[in-house]
Structure formats: C-alpha cells, structure tokens
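Data first, discussion second: the structure below is written as structure tokens.
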Amino acid sequence: AERLIERARACFLGLALGDALGATTEFMTPVEIRMKFKVHRKIRGGGWLGLKPGQVTDDTEMSLALARALLEQGGWNLQAVAEQFLAWMRAKPVDIGATVRRGINRYRRSGELQTPYNDWDAGNGAVMRMAPVAIMTLGDDEALVRCALEQARLTHNHPLSDAGCLCVGRMVQAALLGADRFRLHQLTRGLVAEHPNFRFNNYHGQASGYVVETLQTVFHYLFTTGSFEECLIGVVNQGGDADTTGAIAGMIAGAFYGLGALPRAWLRRLDRKVREEVEDAAERLVRLSPARERL
Amino acid sequence: MKRIECIIKPFKLDDVKGALTNLGISGMTVSEVRGFGRQKGHTELYRGAEYQIDFIPKVKIDLVIPADQVDEIIEAVQKEACTGRIGDGKIFVSDIDQAMRIRTGETGIDSL
Amino acid sequence: MKRIECIIKPFKLDDVKGALTNLGISGMTVSEVRGFGRQKGHTELYRGAEYQIDFIPKVKIDLVIPADQVDEIIEAVQKEACTGRIGDGKIFVSDIDQAMRIRTGETGIDSL
Amino acid sequence: MKRIECIIKPFKLDDVKGALTNLGISGMTVSEVRGFGRQKGHTELYRGAEYQIDFIPKVKIDLVIPADQVDEIIEAVQKEACTGRIGDGKIFVSDIDQAMRIRTGETGIDSL
Ligand SMILES: Nc1ncnc2c1ncn2[C@@H]1O[C@H](COP(=O)(O)OP(=O)(O)O)[C@@H](O)[C@H]1O
Ligand SMILES: Nc1ncnc2c1ncn2[C@@H]1O[C@H](COP(=O)(O)OP(=O)(O)O)[C@@H](O)[C@H]1O
Ligand SMILES: Nc1ncnc2c1ncn2[C@@H]1O[C@H](COP(=O)(O)OP(=O)(O)O)[C@@H](O)[C@H]1O
Ligand SMILES: [Mg+2]
Ligand SMILES: [Mg+2]
C-alpha cells in the first residue's frame, strides 16, 4: 500500500533523474563522452543547453504538465492536457522538440486534439511522457491504452511511437505492482513480436531520438545491469538522445528498483522545486488511480 | 510554404521575436540591412562636413512557415512593429517550393 | 508585384540609386554581401602572408515594385551598374504574393 | 530557374563551396546572418553579468541555378553541411522568373 506510493515516487523521480543526468551528454558520442568525463556518473548540468546541475528539460516538464492537468481535473481530460502543454510552450521552456512544437501549435490554431499520421512522427517525444499516464491508470489496462494513445497523438501519430508508449506504460505498471525481471522482459518480447524493428538482442549502440533506437538503448541497459544507478549510467554514457533515453530508463528502473535504489547524491542535486512537485504528483496520481482500492 | 520577410526598425526586433514565439514559430533568420525610403536619414558630422545619411539601419527577419499561418503572422508582426512613424518598414510574402532541415533531411513542413 | 534583386559592385550603389529614384522608385533595401564567381579575388597581405580573397564584397539591392515596371527597372539598373568588366553582377526577378506597409497596414501596390 | 538558399553553420562554408564548385556551380552570393531556432545561444559575460546570446551567427548562401539541377544541389549541400547536431540549418527553394548578367545583358540560363 505505502509501497505503491513509494514506487510511484521512485518512478517519477527516476524520470527526472534520468533527464537531468542525460542532459549533460545529449547529442554527444560515446567517444566524446569518454574523452570529456571518462565515465559520466554525476549530476553536473552543462550539456548543449548549458544547464545548471539538477535542472531538467522537456522530458520532465511535459510529464509534470500532464500530471498537473490530471490532478486539476481529478481524472483523465485530454483537453486539459493540451492546454497545459500550450501553457508550457508559452513559458519559453529550455528546450522543445520540433515534432512536439508542431503538435502544440496545431492544437493552438485548430483546437484539434489529434495530429494526423506522419511518417516522421516516430520520435520518442510521446513515450517520454508516459510516467504520469501509467501511474494514473494503474489497475486498468484498457484505460492505459486509451489514455496513452490519446496523449501521444497530441503530438505524435505513428505506429512505432504508439507501440512504444503502450509497452513502456505496461512495463512501468507491472514494475509498480511488483513484477520480476522475467515479466518485464516478456512485455518487451510482445513489442518485438509486433514490430521486429525493436529487437535489441544485438545492441549496436545507436541511441538517437528515433523511438526504435531509444527503446533499444533503454531495454539493453535495463536487462544487462543490476541496479538503478548502473542502468542509468550505462544509458547516458551512450550519448545520443541521452536525456530522453535516461528519462525513460529512469521511469522503468525507478518503478522496478524502488525509492531506496535512487542514489542520494543525485536526489540531493535535483532541482528542489521539481523534486517536490514530482513526489507530490506521484502520490496524488496513485490516489486517483483504479489501484487506489488497494491502498 | 511561404516566406515572410519583415523589414523593421532595429529596436523592434525583440518585441517582434517575442510575438512570433508566442505563436509557436520555431525559428527565423535575421540580417542587418539598410533601408532607403520616405524616412530621411539624419545628418552626421564626418571629417568636419555634414552628410545626409541616406540609408537607415533596419533589421530583416526572414521566416518560412506553412501557408495557412500567413495571415496570423502578418497581423502579429504588423501590430508589434508599428510605431506609426515613417520608416516602420514592410512585410513581403512569397512562395517557397521546397524546404529541408539539413540535420535530418526532413522536407516540407516538417523541416520548419 | 515583383521583387528585383540586384547584386552590384559596391561603388555603383549611388549611381544605381540615382537612376532608380529618377524612375520614381519609392524605396529599397540594401545589404552587404560577398560574391563568388568568375571574378577572382585579389591577393591580400595579411599577417605577412599573401591570401587569395575568394569572396568579393558586393552590394545587394532588394526592391519590390509593380509588375508592369519590371522591364524599365531592369534596363536602368543594368545600364548604370555595368562596367563591362567581370564581376559586374546579376539581376534576379521573382514573384511577391503580398506586401504590407507596417506603419499603416496598407497592402498591395499601395504599400510600396 | 530556381533560387536555392542555404543557411548553414559558418565553419561549413568552405566545404559546401567546394562541393558546389565540383558540381560546376559558376557563382554564388554569400551573407552573414543570425539564426534563431532550437539551437541555444551561449551565455556571455558582459559587464559582470551573464547574458543569453539568442541569435547565432550563420552563413547564408544564395545561388540561382537551372531548375533541373535542384535535386543534385540540395543533396550535395545537405551532405556537406550536416553535422547531426542541432542548428545545422535549412535549405529553401523558390522560383526565379528572370535573370540577367549585368556585364553583358545576357538573360535566362546563360546569365548564371
Ligand atoms: N519598394 C521597396 N522594396 C523593398 N524595400 C522597401 C521598399 N520601400 C521601402 N522599403 C523598405 O522599407 C523601409 C521603410 O520605408 P519608408 O518609405 O521609409 O517608410 P514607410 O514604410 O513607413 O512608408 C525602408 O527603409 C526600406 O528598408
Ligand atoms: N548563380 C549565381 N547565383 C547567385 N549569385 C551569383 C551567381 N553567379 C554569380 N553571382 C553573383 O554575381 C557576381 C558576379 O559574378 P561573376 O561570375 O564574377 O561575374 P559576371 O556576372 O560579370 O560574369 C558574383 O560575385 C556573385 O555575387
Ligand atoms: N522557419 C524558419 N525560417 C527561416 N529560417 C529558419 C527557420 N527555422 C530555422 N531557421 C534557421 O535555421 C537555423 C537552424 O535551426 P534550428 O532550429 O536551430 O536547428 P535544426 O534545423 O537543426 O532543427 C536557425 O538558426 C535559423 O537560421
Ligand atoms: Mg529533453
Ligand atoms: Mg531528448
């Protein structure tokens, strides 16, 4: 019961930690990272965005915007989510991806809550927002599917992005409910069966924002490491879209390994306001979910 | 796609840029130009003689946008850049056949 | 409306501007550019070594005019800007869909 | 004829110019512009305080070519100018109605 709230906190915090840690190495290659840091393993800011240590990017901010909408409405409300995304874009965020910006702009001008299918929408911008969705629909797979696709299609409309959202959402939920490693791996096998591009057995180190490479990176390190810290360090030192691979790895690993596994040094350096809002949102989202019965 | 070219008074750049980012504009290219029109340059002392400075510093904003955003953009730029005094500048709209984002090879509206 | 873009040798700016104002041209926008073409850059001494200066300073005049004035403008610019030596430059004509005077909101030919 | 306008990172100018001359491009016009997009400016220390420099120096290459060369030119520029990092720039293609070589009065493709 209390464990559920703790794990939800660890999940959402894991997302923020992965974002802040990975932002330092975003767009770098593994060789460049090695030359500059040997191994990048502490929260130090910098990166191409020139961040302060512990500052987060769009991955965490959009997730918080999404959470804020659900908490204000007391439940799922896609319009409220779109409005929060628009307010976030207007507040001049530190970074915003091209596809996300186009989607929010489309909503601003037409009021439409779904972007049309686009070949170029196979980025990871919708998957990175899955933590609050997974927590709030915990206990109801049908609700997870509906809400995951609705929020994704605000900006990304592509079968690979859709499939990625559902798989990551289900992995987070399974982990929150205490699943073991084999169960999590089984969920990835389902994804690979449906979309063989996602196969990650022979991981070659590509870690771009293409959702396939993003999830291959996340799954590779998730299943070849034994702790939250090890998983995230592996992911962010792969460079590429490191803040987002870090964030996605963080939300799954956080839910899986739990609050105690989050490195204290990292938590201390995380932006204080972000940390407080994330912890508060995680708990309140659990209390909104169908799983609240178990509390 | 359309190209919108705005020639404005230099001190108006920040205001116009602000209005454009509020409309979700993802990017623009800016250059310093000199304008000649009804607005007369001031006279300047140069090597002891007074010269009419005919060409007046302006800033040119070039932005390429989807065709359906043209009216809304023109309206926002005009509102922000206008002082009511001569020399406020011009907005020109022309056609862009193709566009590409060099980093990714994306083309068309997705490249903007 | 048409845009006429003239890339000319910098010392020709005053002559060309003079010819254009004689034709009643109300305004234009000018920028400094560098050209690369058949005209070879000269060599320059820079920190004791000789360098080929590949890109040659040019001036670009941008003017938007009613479509029916194009031929007369091109003729005047070419006559004034020509020296007969390589590197005299180019004139390009393209289409302008819409134009607006920022100060007044006037559009079309009245905005020029 | 088509105008190809390439906005690129300044250090890429020589590489792109090299690739274009290899394709037999006879000339181009270059200008310094400032870009604003997803790429963030760096912060600079100025009188003891830190400022975000929003507009980033870019180089704009303008070249007018025969319409049938467009695809090959775009491909060459993109290949040469791409670093894979944000801010690599854009390529825009638009129509040119008429062109003239000032030195000789030649028009059309012969003027390029
Ligand atoms: N026909 C034109 N073509 C291109 N640029 C022009 C033209 N006319 C004016 N401009 C530009 O617009 C600026 C303002 O024009 P001006 O006539 O001084 O004032 P206003 O637009 O307020 O009547 C000029 O400095 C010049 O940069
Ligand atoms: N294809 C082109 N597109 C755009 N500008 C060009 C092109 N070719 C030449 N120019 C511009 O015209 C100028 C003169 O060209 P150049 O070949 O040197 O001489 P000329 O026009 O006398 O044959 C160049 O410096 C450049 O600014
Ligand atoms: N809509 C636009 N219109 C005109 N120029 C643009 C536009 N968007 C971007 N640019 C130019 O392209 C450059 C690179 O854009 P940016 O968004 O930083 O990166 P990327 O193209 O790699 O996504 C900008 O600095 C600017 O000069
Ligand atoms: Mg990010
Ligand atoms: Mg990212």
Side-chain angles (χ1 to χ4, degrees), chain B residues 1-8 10-34 57-67 70 73 76-77 80 92-112, chain D residues 1-10 12-13 15-16 19 29-41 51-62 65 67 69-71 73-97:
Chain B
M1 290 160 289
K2 295 292 179 184
R3 175 208 307 282
I4 309 221
E5 192 179 357
C6 321
I7 297 161
I8 62 175
F11 69 84
K12 281 290 186 177
L13 178 58
D14 284 345
D15 296 333
V16 172
K17 171 162 158 273
L20 290 171
T21 40
N22 277 349
L23 289 178
I25 291 301
S26 45
M28 63 189 83
T29 299
V30 168
S31 47
E32 283 161 25
V33 296
R34 288 177 291 148
K58 300 288 177 195
V59 157
K60 175 157 87 94
I61 299 176
D62 242 308
L63 65 139
V64 178
I65 56 171
V70 170
I73 298 293
V77 172
E80 215 54 53
F92 300 123
V93 184
S94 52
D95 210 50
I96 293 287
D97 302 349
Q98 298 178 47
M100 179 187 282
R101 186 193 307 273
I102 289 178
R103 167 169 57 96
T104 59
E106 281 166 292
T107 55
I109 302 209
D110 303 321
S111 72
L112 304 176
Chain D
M1 288 159 289
K2 296 292 180 184
R3 174 209 307 282
I4 309 219
E5 190 180 358
C6 321
I7 297 161
I8 63 176
K9 284 169 169 156
K12 281 290 186 176
L13 178 58
D15 295 334
V16 173
T29 300
V30 169
S31 48
E32 287 167 19
V33 296
R34 288 177 291 147
F36 169 75
R38 200 175 154 200
Q39 180 184 11
K40 296 297 164 236
Y51 286 88
Q52 180 75 18
I53 307 303
D54 254 351
F55 284 94
I56 302 178
K58 300 288 176 195
V59 156
K60 175 157 87 96
I61 300 176
D62 242 308
I65 55 172
Q69 275 197 284
V70 171
D71 294 338
I73 299 293
I74 291 179
E75 182 178 355
V77 173
Q78 194 266 340
K79 194 147 156 290
E80 215 55 52
C82 181
T83 68
R85 297 228 180 78
I86 295 225
D88 277 348
K90 309 284 184 203
I91 300 173
F92 299 123
V93 183
S94 51
D95 211 50
I96 293 288
D97 302 349

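Each chain gets a letter, A, B and so on, in the order its sequence line appears, and its residues count up from 1. Heavy atoms only: backbone and side chains are in, while hydrogens, waters and symmetry mates are out.
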Item checked: Under 4.5 Å from a heavy atom of chain D, the part of B:Leu63 involved -> neither
Check: Out of curiosity, D:Ile74 CD1 to B:Ile102 CD1, how far, rounded to the nearest 0.5 Å?
Finding: 10.5 Å
Margin query: According to ring pair (Phe, Tyr, Trp, His ring centres under 6.0 Å), who are the partners of D:Phe36, at least two apart in sequence or on a separate chain?
Written below: D:Phe55
Item checked: Side chain / backbone / both / neither for D:Ile4 at chain B, heavy atoms under 4.5 Å -> neither
Check: Which atoms of B:Leu13 come close to chain D, meaning under 4.5 Å heavy atom to heavy atom: side chain ones, backbone ones, both, or neither?
Finding: side chain
I'd like a table of the N/O donor-acceptor pairs between chain B and chain D - cut-off under 3.5 Å, distance only.
unit_1   : atom_1 : unit_2  : atom_2 : d
B:Arg3   : NH1    : D:Glu5  : OE1    : 3.0
B:Arg3   : NH1    : D:Glu5  : OE2    : 3.3
B:Arg3   : NH2    : D:Glu5  : OE1    : 2.6
B:Lys17  : NZ     : D:Asp54 : OD2    : 2.8
B:Met28  : N      : D:Phe36 : O      : 2.8
B:Met28  : O      : D:Phe36 : N      : 2.9
B:Val30  : N      : D:Arg34 : O      : 2.8
B:Val30  : O      : D:Arg34 : N      : 2.8
B:Asp97  : N      : D:Val93 : O      : 2.7
B:Asp97  : OD2    : D:Lys2  : NZ     : 2.7
B:Gln98  : N      : D:Val93 : O      : 3.3
B:Gln98  : O      : D:Val93 : N      : 2.8
B:Met100 : N      : D:Ile91 : O      : 2.9
B:Met100 : O      : D:Ile91 : N      : 3.0
B:Ile102 : N      : D:Gly89 : O      : 3.0
B:Ile102 : O      : D:Gln78 : NE2    : 2.7
B:Ser111 : O      : D:Lys90 : NZ     : 2.7

